[in-house]
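So the structure is just underneath, and the comments pick up after that.
The chain is numbered in sequence order, starting from 1.
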Amino acid sequence: FSLRGPQQSCFYEQKEFSSHESQTVFQKVLEKLGFSFSSSLKAGFWGLTLENTTEQTKSAETQKSGKTSSEQSCIFNTKYNYIPLASCFIHKDKLKLSPAALVDLKHVEIILLNNNERISLGNRIAKFFERFGSHANQGPLHFGGVFWWKASAEGFRSTKLTEMKSLMSEAL
């Protein structure tokens, strides 16, 4: 494979959350899905996975906190900057299975040759896909990073929400 320049542009955005849990879920999803998730945010598909998860978190949090949520508030802000540095494609003829994957496939082959072990075949195949997946990513593979800035305020009265938002924006 050969490295090329980035195929994506830099992405900078700020998000506001009402709980630490929803901020953490957002960060984990962005870390796992990267730019494809950021693109879907811009395209307006935000509500599919993250909003459902966030709403469940908010509901559980509201049930736990009870009456105190109306008296005290919290707010979390996250700014992030996605910076792509390079990309690459891996050609099909260069893709190879790892030694561990080859060993597992040999075990599957042995089970296939022994007709009396058909029951364990399904289990062995399921374990293979759990461990190694079902697809090999040829690319583009993107290299770069996400820089995070976070600010939070907790334990203030809801009447001070506007003031706290302003202070957090200044801090970031």
Side-chain angles (χ1 to χ4, degrees), residues 1-61 73-108 124-154 161-172:
F1 76 96
S2 62
L3 287 177
R4 299 180 184 162
Q7 292 186 349
Q8 303 166 336
S9 58
C10 291
F11 184 80
Y12 182 79
E13 191 160 333
Q14 179 173 336
K15 294 285 181 195
E16 184 178 296
F17 304 94
S18 61
S19 73
H20 179 67
E21 290 82 6
S22 59
Q23 179 188 32
T24 302
V25 167
F26 172 80
Q27 183 174 343
K28 285 181 181 177
V29 169
L30 189 64
E31 286 171 353
K32 287 197 182 268
L33 299 180
F35 186 78
S36 61
F37 177 69
S38 300
S39 298
S40 67
L41 285 175
K42 283 190 155 190
F45 300 114
W46 166 258
L48 294 178
T49 303
L50 185 60
E51 187 174 281
N52 289 339
T53 306
T54 303
E55 290 304 318
Q56 290 171 359
T57 302
K58 284 182 184 175
S59 298
E61 183 179 292
S73 297
C74 61
I75 188 169
F76 300 87
N77 272 354
T78 298
K79 280 187 180 182
Y80 61 98
N81 192 6
Y82 171 75
I83 301 175
L85 299 175
S87 64
C88 73
F89 282 89
I90 301 174
H91 299 285
K92 285 182 186 179
D93 60 331
K94 300 292 183 192
L95 289 174
K96 295 182 181 175
L97 291 174
S98 69
L102 287 172
V103 168
D104 275 12
L105 286 176
K106 287 189 188 284
H107 288 291
V108 169
R124 183 59 104 161
I125 292 172
K127 287 179 185 177
F128 176 84
F129 285 123
E130 285 174 17
R131 185 172 178 197
F132 300 105
S134 61
H135 294 80
N137 186 2
Q138 286 185 261
L141 302 174
H142 301 282
F143 301 94
V146 179
F147 295 94
W148 301 91
W149 297 268
K150 297 179 183 182
S152 65
E154 300 179 65
L161 182 62
T162 307
E163 180 183 343
M164 295 310 271
K165 284 183 180 183
S166 174
L167 288 171
M168 287 178 57
S169 289
E170 289 175 26
L172 289 177

Exercise for the section: Using modelled atom types only, decide if a donor and an acceptor are shared between the side chain of Ser87 and the backbone of Gly5 within a distance under 3.5 Å. Expected result: yes
Handout entry: Gln138 side chain vs Ile90 backbone, donor-acceptor pair below 3.5 Å
Key =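 Judged by distance alone, yes, a pair lies under 3.5 Å.
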Taking the side chain as C-beta and beyond, is there a heavy-atom pair between [X] and [Y] under 4.5 Å?
| X | Y | result |
| --- | --- | --- |
| Thr24 | Phe17 | no |
| His107 | Phe128 | no |
| Cys10 | Pro84 | yes |
| Ile75 | Lys165 | yes |

Problem - Between CG on residue Leu95 and CG on residue Asn137, distance to nearest 0.5 Å - result: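 So the CG of Leu95 and the CG of Asn137 are separated by 9.0 Å.
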Practice task
Enter the distance from Thr78:OG1 to Gln14:CD here, rounded to the nearest 0.5 Å.
Solution key: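 Here the interatomic distance stands at 8.5 Å.
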List the atom of [X], the atom of [Y], and the distance in Å for their closest heavy-atom pair.
| X | Y | value |
| --- | --- | --- |
| Trp149 | Asn81 | CZ3-CB, 3.8 Å |
| Pro6 | Leu85 | CD-O, 3.4 Å |
| Lys79 | Leu172 | NZ-O, 3.5 Å |
| Cys88 | Phe143 | SG-CE1, 3.8 Å |

Exercise for the section: Not counting sequence neighbours, which residues clear side-chain contact (heavy atoms from CB on, under 4.5 Å) with Ser98? List them please. Expected result: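 Residues passing side-chain contact (heavy atoms from CB on, under 4.5 Å) with Ser98: Ala100, Ala101, Phe132.
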Exercise for the section: Report the relative orientation of the aromatic rings in His20 and Phe76; use parallel for angles under 30°, tilted for 30 to 60°, perpendicular for over 60°. Expected result: tilted
Problem - For Lys150, side chain to side chain donor-acceptor pair (under 3.5 Å) partners two or more places apart - result: Gln27
Exercise for the section: Name all residues meeting the ring pair (Phe, Tyr, Trp, His ring centres under 6.0 Å) criterion together with Trp148; count only those two or more places apart in sequence or in a different chain, and write none if there are none. Expected result: Tyr80
